[in-house]
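Counting convention: from 1, in listed order, for ligands and their atoms alike. Residues take their numbers from the sequence shown, with the count starting at 1. No experiment lies behind these values; they were computed from the predicted model shown.
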Amino acid sequence: MKNVAVVGSQWGDEGKGKIVDWLSSEADVVVRFQGGHNAGHTLVIDGVTYKLRLLPSGIVRKNKISIIGNGVVVDPWALLDEIKEIKSKGVEISEENLILSESANLILPFHKEMDEIREDAAGKAKIGTTRRGIGPAYEDKVGRRSIRVMDLISEKNLDHRLETVLMHHNAIRKGLGKELFEKNKLKKELLEIAPQILKFSKPVWKKIDEFKNEGKKILFEGAQGILLDVDHGTYPFVTSSNTVASSAATGSGCGPNTIGYVLGITKAYTTRVGEGPFPTELKNETGEHLGKIGKEFGTVTSRKRRCGWFDGVLVRQTIKVSGINGIALTKLDVLDELDEIKMCVAYELDGKKVDYLPAAVDDQLKVKPIYKSFKGWKSSTKGIKNFEKLPENAKIYIKELEKFIETKVSSISTSPERNDTILIEDPFKI
Ligand code: IMP
């Protein structure tokens, strides 16, 4: 079985872009299957930085096919802007190497506005969303009133679909004392860009079936992280899609048996953007240090990420809910200068020891981490490509982490550069 799914095992920003880019050298096809332009994958290739939001990471490589699956919510203007931006860096993007699912749901300006209206009105209860309209767009999808890529084909159909969705949105807007959203202007703007979007549109499930029959290797690229999954994450402080690996099948139209290996990208410490529980958060100098050395600012919103120790309890849990076969440990070098490194191995909740994150948000906010302490290695691991060359204390930390999460560390990333990776097990060769 040749196909691999890559997912984030924490709250996103684990460094998926680099690993996906690196794995895509072996893949023929790279597929995005959930999320939207709330994602931000940064690739550094030969000193050039590419910031991808909607486009699959395979786009920067020659002779690869990139697919945006039906499970992705697509802001058509954001997609066109991103294509333009990436093209301006010398990357070729055409119907030959980019496929957009005809059933992908669109994020429209009233979704973004609704995201903002709600976040602004929520006060302390705000989620801290990326304000891109992701949640409202997914709501319209399951509410069966969404506008999909294929709806751009006919003006009559588009008019009818807009009428339906705006009836819903305008009722809410009216209730909130906001201006009603005007249909005709939006329809005109959508029809103007329709040909530029529709040229990429194809039945993705069929293309994937063909690629499978041709023996092509497929890489499924997850966005966000499992702790942001709408079912398995720290609800309600989550995104509005399923970020677990099984979503790769529904979000692109292939069966779960298409995926042979699930790789969980895992940062050697923990970060989170936005609100919500974070048991190992460090609101002190060490947290600041991790943020500074790890350059922990959001790719999409530039927000400062909250930083904390590695939470083994959480990662062990996300590995189980997502069926992760091995992890790619990233940003190990960020820990290089620390005297002491801690790993959360259990929680205390109301005087009792617990070995998983409870589902109730109040409990999630209350749990206190129980740590295991490790001696720092105090030397540079940057750019090391061989496990044996790592400092002894770094090896001890990794081995203990591996034992605790009950899953193999299949690679270790030691800098943002594509080749600075210690490969232990190649997911495509298993
Ligand atoms: P939304 O996806 O914009 O609705 O935001 C919901 C939550 O997911 C917020 O806490 C965001 O900060 C978080 N989030 C969304 N996308 C990403 C991502 O790509 N990386 C990290 N956090 C994200």
Side-chain angles (χ1 to χ4, degrees), residues 6-20 32-43 51-57 68 71-75 78 82 105 107-108 111-122 124-142 221-244 247 251 264-267 269-278 281 291 294-308 314 318 330-331 361 364-365:
V6 170
V7 290
S9 74
Q10 293 150 316
W11 276 292
D13 310 313
E14 296 93 350
K16 287 185 286 296
K18 167 182 160 170
I19 305 291
V20 171
R32 272 284 306 270
F33 53 88
Q34 48 71 230
H37 64 316
N38 50 348
H41 292 174
T42 307
L43 314 181
K51 287 189 191 279
L52 301 173
R53 291 173 289 273
L54 264 170
L55 292 170
S57 298
I68 300 176
V72 178
V73 278
V74 179
D75 177 327
E82 190 175 330
N105 294 264
I107 301 183
L108 296 174
H111 292 126
K112 187 175 182 307
E113 285 179 28
M114 188 61 77
D115 204 352
E116 290 186 326
I117 292 168
R118 284 207 207 126
E119 282 288 277
D120 289 340
K124 278 196 172 159
K126 73 171 184 190
I127 306 288
T129 72
T130 59
R131 295 176 174 245
R132 298 290 188 272
I134 305 291
Y138 275 117
E139 286 167 36
D140 281 348
K141 171 183 173 175
V142 293
E221 176 181 12
Q224 292 86 44
I226 296 162
L227 293 167
L228 290 170
D229 184 282
V230 69
D231 286 285
H232 298 288
T234 46
Y235 191 90
F237 298 98
V238 291
T239 190
S240 297
S241 64
N242 281 112
T243 56
V244 286
S247 181
I265 314 300
T266 307
K267 210 182 270 194
Y269 50 101
T270 313
T271 60
R272 165 161 216 176
V273 243
E275 309 304 315
F278 183 172
E281 182 170 14
K295 300 195 177 67
E296 297 294 355
F297 291 92
T299 317
V300 174
T301 56
S302 305
R303 286 180 293 176
K304 202 170 162 181
R305 296 178 187 144
R306 299 154 66 192
C307 297
L314 284 185
T318 58
T330 60
K331 297 187 110 168
V361 73
Q364 293 179 354
L365 288 165

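- For atom 6 (C) of ligand 1, the nearest non-hydrogen atom of the protein is V238 O, 3.3 Å.
- The closest approach between any non-hydrogen atom of S240 and ligand 1 is not below 4.0 Å.
- Q224 counts as a contact of ligand 1, since one of its heavy atoms falls under 4.0 Å from the ligand.
- Of the N or O atoms in T130, one or more lie within a sub-3.5 Å distance of an N or O in ligand 1.
- Between the side chains of N242 and Q34, not a single donor N or O lies within less than 3.5 Å of an accepting N or O.
- With salt bridges taken as basic N to acidic carboxylate O contacts below 4.0 Å, one links E281 and R306.
- When only non-hydrogen protein atoms are considered, atom 9 (C) of ligand 1 lies nearest to G128 O, 3.2 Å.
- Note: no N/O pair closer than 3.5 Å links I134 and ligand 1 by distance alone.
- The pair R131-D120 meets the salt-bridge criterion, with a side-chain N (NZ, NE, NH1 or NH2) lying under 4.0 Å from an Asp/Glu carboxylate O.
- Checking H111 against E139 by side-chain atom types alone, no donor-acceptor pair falls below 3.5 Å.
- Atoms of ligand 1 found under 4.0 Å from any heavy atom of D13 (numbered from 1 in listed order, with element): 20 (N), 21 (C).
- What sits closest to atom 2 (O) of ligand 1 on the protein, heavy atoms only, is T239 OG1, 2.6 Å.
- Counting heavy atoms under 4.0 Å from ligand 1, residue R303 touches it through the side chain alone.
- The single protein non-hydrogen atom nearest to atom 10 (O) of ligand 1 is V273 O, 3.2 Å, given as residue, atom name and distance.
- For the pair R132 and D115, the salt-bridge criterion is not met [side-chain N within less than 4.0 Å of a carboxylate O].
- If you look at W11 next to ligand 1, the close heavy atoms, those under 4.0 Å, all belong to the backbone.
- The main-chain N or O of V273 is never found under 3.5 Å from a side-chain atom of R305 such that the two would form a donor-acceptor pair.
- Residue T129 places no N or O, backbone or side chain, under 3.5 Å from any N or O of ligand 1.
- Using a cut-off of 4.0 Å between Lys/Arg side-chain N and Asp/Glu carboxylate O, K331 and E296 are scored as salt-bridged.
- Judged by distance alone, the side chains of E221 and S57 do bring a donor and an acceptor atom under 3.5 Å apart.
- In this view, F237 satisfies the ring pair (Phe, Tyr, Trp, His ring centres under 6.0 Å) rule with no residue, not counting sequence neighbours.
- For A223, the closest heavy-atom approach to ligand 1 does not fall below 4.0 Å.
- In terms of protein heavy atoms, atom 13 (C) of ligand 1 is closest to L228 CD1, 3.8 Å.
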